[in-house]
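Nothing fancy with the numbering, it's 1 onward along the sequence.
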Amino acid sequence: MAIDSSAFERYRHSPNEKTTILRLILGVIIIVVLWFGTTMAVIFAGSYGLLLQGPADSSGGSDPIQRFLGSSTGIFATLVTFAGIWIGIWIAMRLLHKEKLSRLFGVSARISRSGFIRGFAAVVVTSLVTEIAYLSVMPGISRGPIAIGTWALIFLPLAFFAFIQTSAEELLFRGYLQRGLAFLFRSPIVWAVLPTLVFTALHWNPVSPIGMNIGVMIAIGAFSALLALLVYATGNLGAAMGAHLGNNLTGFALISHDQTLGGLALFQAPPLDSLAWTSGETALIAGISLVSIGLTWLLLLHPRSPLRVRPDLG
């Protein structure tokens, strides 16, 4: 299935002469500093607020940071910290590259609305199919602790804050880095594979079983590669942002396998670390994820798919 690269060629050649490898490195440093600073400020402010409320009750932990991050407010706050990436990229674009932030969105300097909706819809569908397959490996699903009325009230705010998180990651890895590196280097090993490897490596959890890390790394790496491919096919971040939001929002709000960040989900599934993570289980989980990502690829890029994304030609 051939992919027309004309939109991406326009996108990759849109930076100006101030896009150099040194400026990209300095830009990444600015972004990381702003992200880290925002994260520390939010976490310490929230933890300090819990300390002012008094000691934890018998059902909570003694560490105020863990108590805060495990609370509903902490989940929202964790997502808000990614606003630091948006701020950092805005500063880098204006200060180092003398460009508007919107130049990263796509050839048209706008986030494609149709691409965003199609990416979101495709991933929600395949994520639900994946969850059904996961039940064969990790049976057992139950209603989450949140009341349906409360869930309905917070869904839109949760979707907005999840958008801040997922769009920030896309803006950095598939926008700032992929566009900048593609301007400087012809090889996709540099502008596609390198950001994908960095994005995947950041999800490594040193306290998780090795099998779980391998399975998760394969799934995230393949998903990240799909997001990079969507930008290549469209010359726009819209489809990648929508797909990323669909993936994360499904886990935050619908069916969660995370005991820490899943308190707002409508349903709770067994946590991933409940598996023994034998080689067979690792291969099965990774295989299910790869099939799901392959289905998403077909939905978004097959010529006959009703959800096929369109190139941004300006």
| message | Any heavy-atom pair between the side chains of Arg143 and Gln268 that's under 4.5 Å? | response | no
| query | Does Ile210 belong to the same Ile/Leu/Val/Met/Phe/Trp/Tyr cluster as Ile285, with side-chain heavy atoms less than 4.5 Å apart forming each link? | reply | yes
| said: Would you say that Leu266 contacts Ile255 through its side chain, given a criterion of any heavy-atom pair below 4.5 Å between the two side chains? | reply: no
| Linked, directly or transitively: Met241 and Leu156 (ILVMFWY side chains, under 4.5 Å) | yes
Which donor-acceptor pairs under 3.5 Å do the side chains of residues 220-231 make with protein atoms, sequence neighbours left out?
{"unit_1": "Ser224", "atom_1": "OG", "unit_2": "Arg174", "atom_2": "NH1", "d": "2.8"}

| field | same_hphob_cluster(Trp151, Ile75) at 4.5 Å side-chain heavy-atom cutoff | value | yes
| remark: Sorted by chain and residue number, the side-chain hydrogen bond (donor to acceptor under 3.5 Å, both in side chains) partners of Thr166 (sequence neighbours excluded) come out as none
| What is the distance from atom OG of Ser305 to atom CG of Leu298, rounded to the nearest 0.5 Å? | 8.0 Å
| field | Full working for side-chain contact (heavy atoms from CB on, under 4.5 Å) between Val291 and Thr130 | value | CA-CA 9 Å; Val291 170; Thr130 301; over 6 Å; no
| task | Consider only side-chain heavy atoms of I, L, V, M, F, W and Y, link residues closer than 4.5 Å, and tell whether Val129 and Leu284 are in one cluster. | result | no
| query | Are the side chains of Gln178 and Tyr11 in touch, meaning some heavy atoms are under 4.5 Å apart? | reply | no
| field | Residues in side-chain hydrogen bond (donor to acceptor under 3.5 Å, both in side chains) contact with Asn248, at least two apart in sequence or another chain | value | Gln165
| note | Value for CZ (Arg103) from OG1 (Thr19), rounded to nearest 0.5 Å, stands at 11.0 Å
| task | Evaluate the side-chain proximity of Glu17 to Lys98: yes if any heavy-atom separation is below 4.5 Å, no if none is. | result | no
| Do Ile132 and Leu128 have side chains that get closer than 4.5 Å, going by heavy atoms? | no
| note | dist Asn236:CG -> Leu104:CG (nearest 0.5 Å) comes out at 11.0 Å
| task | Any chance you could measure Glu131, atom CD, to Thr126, atom OG1, to the nearest 0.5 Å? | result | 10.5 Å
| Does some side-chain heavy atom of Arg10 sit less than 4.5 Å from a side-chain heavy atom of Leu313? | yes
| said: By the definition ring pair (Phe, Tyr, Trp, His ring centres under 6.0 Å), identify the one residue from Phe82, Phe252, Phe155, Phe76 that meets it with Phe161. | reply: Phe76
| For Asp4, side chain to side chain contact (heavy atoms under 4.5 Å, CB included) partners two or more places apart | Ser6
Using a 3.5 Å cut-off and no angle test, enumerate the donor-acceptor pairs between side-chain atoms of residues 35-43 and protein atoms at least two apart in sequence or in another chain.
{"unit_1": "Thr38", "atom_1": "OG1", "unit_2": "Leu34", "atom_2": "O", "d": "2.8"}
{"unit_1": "Thr39", "atom_1": "OG1", "unit_2": "Trp35", "atom_2": "O", "d": "2.8"}

| note | The side-chain hydrogen bond (donor to acceptor under 3.5 Å, both in side chains) partners of Arg179 (sequence neighbours excluded) come to Ser14, Glu99
Counting only pairs under 3.5 Å, give me each side-chain donor-acceptor contact of residues 191-199, with atom names and distances, residues two or more places apart or in other chains.
{"unit_1": "Trp191", "atom_1": "NE1", "unit_2": "Arg186", "atom_2": "O", "d": "3.1"}
{"unit_1": "Trp191", "atom_1": "NE1", "unit_2": "Ser187", "atom_2": "O", "d": "3.3"}
{"unit_1": "Thr196", "atom_1": "OG1", "unit_2": "Ala192", "atom_2": "O", "d": "2.8"}

| Got a sec, which pairs hit ring pair (Phe, Tyr, Trp, His ring centres under 6.0 Å) with one end in residues 89-125, sequence neighbours left out? | His97-Tyr176, Phe116-Phe163
| field | Leu245 CG to Glu169 CD distance, which is reported to the nearest 0.5 Å | value | 11.5 Å
| query | Do Asp312 and Ser108 have side-chain N/O donor and acceptor atoms under 3.5 Å apart? | reply | yes
| query | Would a 4.5 Å heavy-atom cut-off, applied to side chains only, mark Leu177 and Val28 as touching? | reply | yes
| task | Hey, could you give me the OG1/CG distance between Thr20 and Leu26, rounded to the nearest 0.5 Å? | result | 8.0 Å
| Any side-chain heavy atom of Leu79 sitting closer than 4.5 Å to one from Leu158? | yes
| Mind checking whether Leu295 and Leu307 sit in one hydrophobic cluster, side chains of I, L, V, M, F, W, Y counted as touching below 4.5 Å? | no
| note | Hits for side chain to side chain contact (heavy atoms under 4.5 Å, CB included) against Ala233, two or more places apart or cross-chain, chain-then-number order -> Ile3, Leu301
| Qualifying residues under salt bridge (Lys or Arg N to Asp or Glu O under 4.0 Å), relative to Arg118, sequence neighbours excluded | none
| task | Please name all residues satisfying side-chain hydrogen bond (donor to acceptor under 3.5 Å, both in side chains) with Trp86, sequence neighbours left out, ordered by chain then number. | result | Ser167
| request: Apply side chain to side chain contact (heavy atoms under 4.5 Å, CB included) to Leu153 and list each qualifying residue two or more places apart in sequence or on a separate chain. | output: none
